[in-house]
Amino acid sequence: MPPVDPDNAADKANYSVDEILDRLRHEGGSRRRRTVQQTVITRKKRRVGLIVTFVACALALGGVVIFQMLNRARVEGELFRQAVGLQLGALTGLDVDTDRFRATTSTNVNCPNLRIKSATSVLKDGLGKNLQSYMSNASFWRDEWDILTLTMDEAQLTFRPHIKGNDGVIDHSPAALAAK
């Protein structure tokens, strides 16, 4: 390609864009694409790193929220209510029935009413109102709960009168209490 005189307007008009780019390439002037430049690569890596970090945090937070929702559904469900009644009944030897439980936080579980009945004990029946329990933090992650505090606003208990046998002695045997 012949040398071009910058002052000559006729020489400028004779070359196309492709010819000018070819000339720049042959003269040793190398031009890198923008996507290959180091600053662009660094920005892309930083952007990808931020996106990966954000997605990982969002997934972790979403997992915790879903776990809490599932645990709350378990605590407030009918099966949990029945299981608590059976476990309390096995511990005390009484028939225990409760209303539905409400999980207020991860460590607090409340129940509006707790009803107790017995056919073979001096205690005939009972009603506990506004039962509130506070558990340890580890209880949130397990099926077995460590109850730290258990409070009840009001309790109404009904007892059976003393039953005297034929010999005049008070009889608290299951058979005598069941007959009453």
Side-chain angles (χ1 to χ4, degrees), residues 1-7 9 11-92 95-116 128-155:
M1 195 176 240
V4 177
D5 182 17
D7 297 329
D11 286 344
K12 290 182 186 176
N14 292 340
Y15 295 106
S16 69
V17 174
D18 290 333
E19 290 173 338
I20 293 173
L21 289 176
D22 281 342
R23 184 170 179 198
L24 287 173
R25 284 188 198 112
H26 290 300
E27 288 179 357
S30 65
R31 184 176 163 181
R32 289 190 290 179
R33 292 180 179 246
R34 183 176 167 90
T35 57
V36 192
Q37 293 176 1
Q38 189 60 34
T39 56
V40 174
I41 292 172
T42 306
R43 285 183 197 151
K44 282 184 179 179
K45 284 182 180 179
R46 192 176 311 142
R47 193 176 309 134
V48 168
L50 286 173
I51 290 171
V52 167
T53 303
F54 176 75
V55 168
C57 289
L59 287 174
L61 183 62
V64 168
V65 168
I66 288 173
F67 179 76
Q68 286 180 345
M69 289 172 55
L70 290 174
N71 192 47
R72 186 175 187 147
R74 178 182 67 93
V75 168
E76 294 181 0
E78 185 66 20
L79 292 175
F80 182 80
R81 184 188 72 79
Q82 291 173 356
V84 168
L86 289 174
Q87 287 182 354
L88 287 176
L91 287 173
T92 61
D95 294 329
V96 179
D97 186 33
T98 62
D99 289 342
R100 284 211 169 187
F101 287 86
R102 306 299 286 175
T104 54
T105 65
S106 63
T107 57
N108 290 345
V109 177
N110 300 337
C111 178
N113 293 314
L114 172 78
R115 290 172 291 287
I116 302 169
K129 293 186 178 181
N130 200 13
L131 185 71
Q132 298 175 351
S133 60
Y134 179 73
M135 276 81 62
S136 67
N137 287 329
S139 297
F140 182 69
W141 303 99
R142 299 179 299 166
D143 284 339
E144 300 163 357
W145 286 0
D146 299 328
I147 298 176
L148 300 175
T149 309
L150 185 66
T151 60
M152 194 180 311
D153 286 350
E154 181 181 340

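What's counted below: heavy atoms across the whole structure, side chains too, no hydrogens, waters or symmetry copies. Keep in mind that this is a model prediction, so the values were computed, not measured.
Across Phe80 and Val75, no two heavy atoms sit closer than the pair CD2-O, 3.1 Å. Taking all atoms of both residues into account, the shortest heavy-atom contact from Asp99 to Cys111 is O-SG, 3.5 Å. When all heavy atoms are compared, the tightest approach of Tyr134 to Asn108 is CD1-OD1, 2.8 Å. Residues Arg100 and Glu76 share a closest heavy-atom pair of NH1-O, 3.5 Å.
The side-chain heavy atoms of Gln132 and Val109, taken from C-beta on, include no pair separated by under 4.5 Å. Considering only heavy atoms from C-beta on, Leu131 stays 4.5 Å or farther from Asn110 through its side chain. Looking at Asn113 and Arg115, their side chains come closer than 4.5 Å, going by heavy atoms from C-beta outward.
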*Do Ile116 and Asp95 pass the side-chain contact (heavy atoms from CB on, under 4.5 Å) test, and can you show the C-alpha distance, the side-chain angles, and the key distance before you say yes or no?*
CA-CA 6 Å; Ile116 302 169; Asp95 294 329; over 6 Å; no
*Output, in order, the C-alpha distance, side-chain angles, deciding distance and verdict of side-chain contact (heavy atoms from CB on, under 4.5 Å) for Val96 and Leu86.*
CA-CA 7 Å; Val96 179; Leu86 289 174; over 6 Å; no
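A salt bridge does not link Asp153 with Lys129: none of the charged nitrogens is closer than 4.0 Å to a carboxylate oxygen.
Atom CD of Glu78 is separated from atom CZ of Phe101 by 11.0 Å, given to the nearest 0.5 angstrom.
A donor-acceptor pair is defined here as one N or O able to donate and one able to accept, closer than 3.5 Å; such a pair exists between the side chain of Arg81 and the backbone of Thr98. Formation of a donor-acceptor pair under 3.5 Å by the Glu154 side chain with backbone atoms of Asn130 is not found in this model. Looking at Arg72, its side chain does come within 3.5 Å of a backbone N or O of Ala103 through a donor-acceptor pair.
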